[in-house]
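So that the names make sense, note that chain A is the first sequence line, chain B the second, and so on, each numbered from 1.
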Amino acid sequence: MFKLLKIEGRARRGQFSCAHGGVVQTPVFMNVGTQAAIKGGVSAFDLREVNCQIELSNTYHLHLRPGDGLIRQMGGLHKFMGWDGPILTDSGGFQVFSLAPLRRIKEEGVYFSSHVDGRKIFMGPEESMQIQSNLGSDIAMAFDECVENPATYEYAKASCERTLRWLERCKREHERLNALPGTINSGQLLFGINQGATFEDLRIWHMEQIAKLDCDGYAIGGLAVGEPTQVMYSIIDAVEPHMPREKPRYLMGVGTPSNIIEAVARGVDFFDCVMPSRNGRHGKLFTWEGTVNILNAKYATDGRPISESCGCPVCKRFSRSYLRHLFKAEETLALRLAVLHNLYFYNELTAKIREALDEGHFQEFRVEYSEKLANRV
RNA sequence: GGGGGAAUUCCAGAGCGGUCAAAUGGGGCAGACUGUAAAUCUGUUGUCACUGACUUCGGUGGUUCGAAUCCACCUUCCCCCA
């Protein structure tokens with residue numbers, strides 16, 4: 001399942017096998033396709049083009065539309081979206097945070113008012129597991145509560161205790177579903193999620209508890225939700241020693257290129273983030289020299305590619321001038337090209353991190369790029 | 001030929017005597033975005049010696065303490081009737 005190949009400091013180079021699509025090389029960035037599509041007009045065959053190893057979709061969103069029953073009927077998520085590589089499904093726990101005005105949390109689970117049509121939806125650990133089973137993803141995430149920052153100690157404590165109880169229920173239900181004859185998701189793995197807001201003692205206590213449940217991997221959730229970056233790093237520093245060494249670690253929803261390098265340096269293996277796709281749609285393009293805001297007037301007659309050092313299909317062919325024109329003219333091609341470039345960059349970023357680890361010079365890599373990538377070009 | 005209407009800051013378009021450097025859109029310029037309610041949101045957009053001053057609302061000349069707003073003429077455009 002997970003094999004550690006090499007360790008440099010706390011940084012880990014590994015391999016992870018999934019039911020679909022073979023082996024994932026880690027550290028890895030998972031490309032986010034919430035509704036079984038990468039926003040900006042990027043499809044499953046484009047994901048191959050940008051060297052995506054593993055795709056991420058969302059339980060809550062696919063349950064609402066088109067419905068997980070429908071996807072199961074259509075042969076499962078892989079077939080439905082035309083992606084034969086590994087898929088991780090997020091549990092809906094993030095929607096407990098992002099759709100806060102539309103939900104009520106109870107011990108049994110969360111009552112949502114659908115943001116699509118207002119209808120009442122209940123999602124608890126069992127429901128989330130059932131939906132992810134129907135979707136047939138390779139990795140299911142436990143149903144958790146992503147707590148907003150800042151949170152009070154009392155709230156964070158009560159919440160992560162409840163998230164622990166939810167994980168116990170997730171585990172039980174996941175095992176039950178996996179054992180059902182004719183299940184679509186045979187071999188589906190389950191990752192537990194660490195919570196505890198910005199309180200180190202809660203984080204550590206929670207991590208120790210969930211580690212006992214012997215999940216297939218462990219995620220750190222509830223970070224990059226408003227706290228300063230240094231706080232995020234210190235939480236990872238505090239939690240990481242308590243994470244099972246031989247299991248993959250996943251830092252959910254993170255982050256900027258330098259966040260990823262810094263988290264790898266702290267022992268994280270998996271990442272996902274909306275940033276390459278969302279910022280791409282908004283004209284912010286990532287390069288090895290820093291970020292390019294392609295909307296800026298200075299690029300109007302710039303005949304260079306987004307980045308001279310990028311080998312992506314967009315940079316091979318199109319100029320900054322053309323990209324900027326497409327954005328200004330509101331051509332949807334602008335979004336597509338920008339997202340393709342950014343995903344290629346993120347996938348290349350983790351590829352370079354792996355290469356540096358393989359060759360034993362990750363620390364040099366980290367020093368060279370952690371700062372540089374935060375520049376503006 | 002006769003009658004009527006309109007000209008506003010990059011564009012469209014409010015304003016109809018002081019609270020107007022002038023609403024609102026659009027465009028321009030810049031910023032934000034971290035398990036996606038986001039092709040979204042925010043700021044800014046006359047000039048400068050910028051908590052103040054100066055020049056602007058087709059042109060010229062008036063009325064008034066005060067005019068984008070009222071009057072006269074001029075210029076241009078639009079509509080209707082011949």
Is [N] paired to anything, Watson-Crick or G-U wobble with both distances less than 3.5 Å, and if yes, which nucleotide?
N	answer
B/G1	B/C81
B/A38	none
B/A72	B/U60
B/G18	B/C65
B/C50	none
B/A23	none
B/U44	B/G28
B/C33	none

Between [X] ([atom1]) and [N] ([atom2]), how many Å, whole number?
X	N	atom1	atom2	value
A/Asn342	B/C33	CG	P	15 Å
A/Phe94	B/A38	CZ	P	11 Å
A/Leu62	B/G35	CG	C1'	14 Å
A/Phe271	B/G35	CZ	P	13 Å
A/Asn259	B/C33	CG	P	11 Å
A/His63	B/A37	NE2	P	16 Å
A/Ile235	B/U34	CD1	P	19 Å
A/Leu337	B/A39	CG	C1'	14 Å

Counting only side-chain nitrogens and oxygens, does [X] get under 4.0 Å of the OP1 or OP2 atom of [N]?
X	N	answer
A/Ser98	B/A37	yes
A/Arg281	B/A32	no
A/Gln95	B/A37	yes
A/Lys284	B/A32	yes
A/Arg278	B/U40	no

Kindly point out which of [options] is positioned nearest to the side chain of [X]?
X	options	value
A/Asp90	B/G35, B/A37, B/A39	B/G35
A/Arg376	B/U36, B/G31, B/U40	B/G31
A/Asn293	B/A38, B/A37, B/G31	B/G31
A/Lys328	B/U34, B/A39, B/C29	B/C29
A/Asn296	B/A30, B/A37, B/U34	B/A30
A/Leu56	B/G35, B/A37, B/U34	B/G35
A/Asp272	B/G35, B/C33, B/A37	B/G35
A/Asp144	B/G35, B/A32, B/A37	B/G35
A/Ser277	B/G28, B/A39, B/U36	B/U36

Original post:
Will you find, in the side chains of A/Asp68 and A/Asn134, an N or O donor that is under 3.5 Å from an N or O acceptor?
Top reply: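 Indeed, the side chains of A/Asp68 and A/Asn134 share at least one donor-acceptor pair under 3.5 Å.
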
Original post:
Can you tell me if A/Asp144 and A/Gln195 form a side-chain donor-acceptor pair at under 3.5 Å?
Top reply: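 Yes, a side-chain donor-acceptor pair sits under 3.5 Å.
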
Say you pick atom [atom1] in [N] and the same atom in [M]; how far apart are they, in whole Å?
N	M	atom1	answer
B/C70	B/G17	P	8 Å
B/U63	B/U69	C1'	13 Å
B/C54	B/C20	C1'	15 Å
B/C57	B/G46	C1'	12 Å
B/U55	B/U44	P	26 Å
B/U47	B/A23	C1'	22 Å
B/G4	B/C10	C1'	31 Å
B/G1	B/G62	P	32 Å

With sugar-phosphate meaning primed atoms plus P, OP1 and OP2, does [X] contact a base, only sugar-phosphate, or nothing at under 4.0 Å between heavy atoms?
X	result
A/Ile193	base
A/Gln195	base
A/Gly222	base
A/Leu251	nothing
A/Asn58	sugar-phosphate

Subject >> Any donor-acceptor N/O pair, A/Asp46 side chain to A/Glu49 backbone, under 3.5 Å >> reply: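 A pair under 3.5 Å: no.
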
Original post:
Is A/Gln132 reaching over with its side chain to a backbone N or O of A/Met141, donor-acceptor style, under 3.5 angstrom?
Top reply: yes

Original post:
Quick one: on RNA chain B, does A/Pro101 or A/Glu330 contact a more 5' nucleotide (nearest heavy atom)?
Top reply: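 Closer to the 5' end of RNA chain B: A/Glu330.
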
Original post:
More than 12 non-hydrogen atoms from neighbouring residues, nucleotides or ligands closer than 6.0 Å to CD on A/Glu107, yes or no?
Top reply: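 Above 12, so yes.
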
Original post:
Are A/Ile54 and A/Leu47 connected, step by step, through hydrophobic side chains (Ile, Leu, Val, Met, Phe, Trp, Tyr) whose heavy atoms are closer than 4.5 Å?
Top reply: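 Not linked; separate clusters.
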
**OP:** Show your reasoning for whether side-chain contact (heavy atoms from CB on, under 4.5 Å) applies to A/Arg249 and A/Phe270.
**Re:** CA-CA 6 Å; A/Arg249 291 93 169 263; A/Phe270 280 61; over 6 Å; no

**OP:** Could you check if a side-chain atom of A/Pro27 sits within less than 4.5 angstrom of a side-chain atom of A/Arg354, using non-hydrogen atoms only?
**Re:** yes

Original post:
Cationic tip of A/Arg203 within the cone over A/Trp205's six-membered ring, i.e. under 6.0 Å and within 45° of the normal?
Top reply: no

Subject >> Near-parallel close stack of A/His61 and B/U36 base (under 5.5 Å, under 30°) >> reply: no

